[in-house]
Amino acid sequence: MRNIVENHVEEMLEFLRYDKSQWGNIWEKLKSKFSILGEIEKSLGTPNFDKLERRNFDKFLYDYRELVGKDSIAKRIRQRSEELDLKREDFITFLGVFPKSVDWIVVEENEKKVIFENLYSLWEKGELNKVSEAVFQSIVHFRKGELMGNFYNKEKIFEEINEFLAKKEKDKSFMKCICEILYEKVPYYDWVGFYMINDEGVLELGDFVGEPTEHVKIKIGEGICGQAADLKKTFIVQNVLKETNYLSCSPKVKSEIVVPIFKNKEVIGEIDIDSHYVSPFDEMDKKFLEGICSMVSDYLDK
Ligand code: SME
């Protein structure tokens, strides 16, 4: 299999070997070497070298050498090779430097898509240590057809939500409030809702945010929701097209995570999250949502 990560960071920093007055000329030379830079300029504009400082690039280079190992980036991507459909070989990622605040942008080179990963922009935001995650995330968004974006740090988003919910008054709007904040703050949570087991022993839709669904009642064992309740465990489906026991709500939904809510080791309900992206969930989502469900269990206990 071909290389999915091309690293050109050090080559692009060649201008650091010259006096600052030469940087614009060196950039032009880089543009003839890497034609994608001209394409990126069409969207982001030409970098203004007069305003850039050498000491920032020096610091960037130092941190880059400390923090970035190419292998771990490729490894992170290949872990999800199947879900991300890598065998199509229809794109590559290009690690580079472009002094503008956009973390990734898709351009075309010889009829092939190139996801340009702007490590300088990540560094400016203090997120260079998250580069593997950022590259992975850009591919998830690229697969949905997005052409430009910025990295979001899931860990930080989850921490902020947890802090907010810990302080929030636990009144009767608490579960609706959870749906709202999750839907609002997590970019790839496109439907968030609770199903609770009713008197008939069936999962019944409670609070939710997102498009209305026809699946208001779901039997245990049926669909992803029913399976999670039946097996008493978190279910992650990274690509719903590959799941046979799945109840479709909308063609936009590409993946789903369902986490049971327990009381005395019995399932009393669950949180269900749909995403319009393929393969966006990981262990962090699982842990975070399991924490939310235990918060809900405590709340329902009162
Ligand atoms: N897809 C779910 C049904 C519920 S909707 O996602 C809101 C399932 O397969 O159980």
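Just so you know, ligand 1 is whichever comes first in the structure, and atom 1 is the first atom listed for that ligand. Residues: numbered from 1 along the sequence shown.
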Derivation of the ring-ring contact (aromatic ring centres under 6.0 Å, His included) call for Tyr183 and Phe208: CA-CA 9 Å; Tyr183 180 83; Phe208 74 95; over 10 Å; no
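Of the heavy atoms in Asp274, only side-chain atoms (C-beta onward) come closer than 4.0 Å to ligand 1. When non-hydrogen atoms are compared, ligand 1 lies under 4.0 Å from neither the backbone nor the side chain of Gln227. For Asp272, every heavy-atom contact with ligand 1 shorter than 4.0 Å involves the side chain, none the backbone. Both the backbone and the side chain of Cys225 come within 4.0 Å of ligand 1, judged by heavy-atom distances.
Between the side chain of Lys233 and the backbone N or O of Asp230 there is no donor-acceptor pair closer than 3.5 Å. Without hydrogens or angle criteria, Asn118 side chain to Phe98 main chain gives a donor-acceptor distance under 3.5 Å.
Residues Lys125 and Asn150 have side chains that bring a donor and an acceptor to within less than 3.5 angstrom of each other.
The aromatic rings of His141 and Tyr277 are tilted relative to each other, their planes meeting at an angle between 30° and 60°.
Closest to atom 8 (C) of ligand 1 among all protein heavy atoms lies Ile224 N, 3.3 Å. Closest protein heavy atom to atom 7 (C) of ligand 1: Cys249 SG, 3.1 Å.
Considering both main-chain and side-chain atoms, Leu247 comes within under 3.5 Å of ligand 1 through a nitrogen or oxygen pair. Checked by distance only, ligand 1 and Glu256 come closer than 3.5 Å through their nitrogen or oxygen atoms.
Screening Leu205, Leu203, Ile261 for a side chain to side chain contact (heavy atoms under 4.5 Å, CB included) with Phe194, the sole residue that qualifies is Ile261.
Contact annotation: Tyr195 has at least one heavy atom less than 4.0 Å from an atom of ligand 1.
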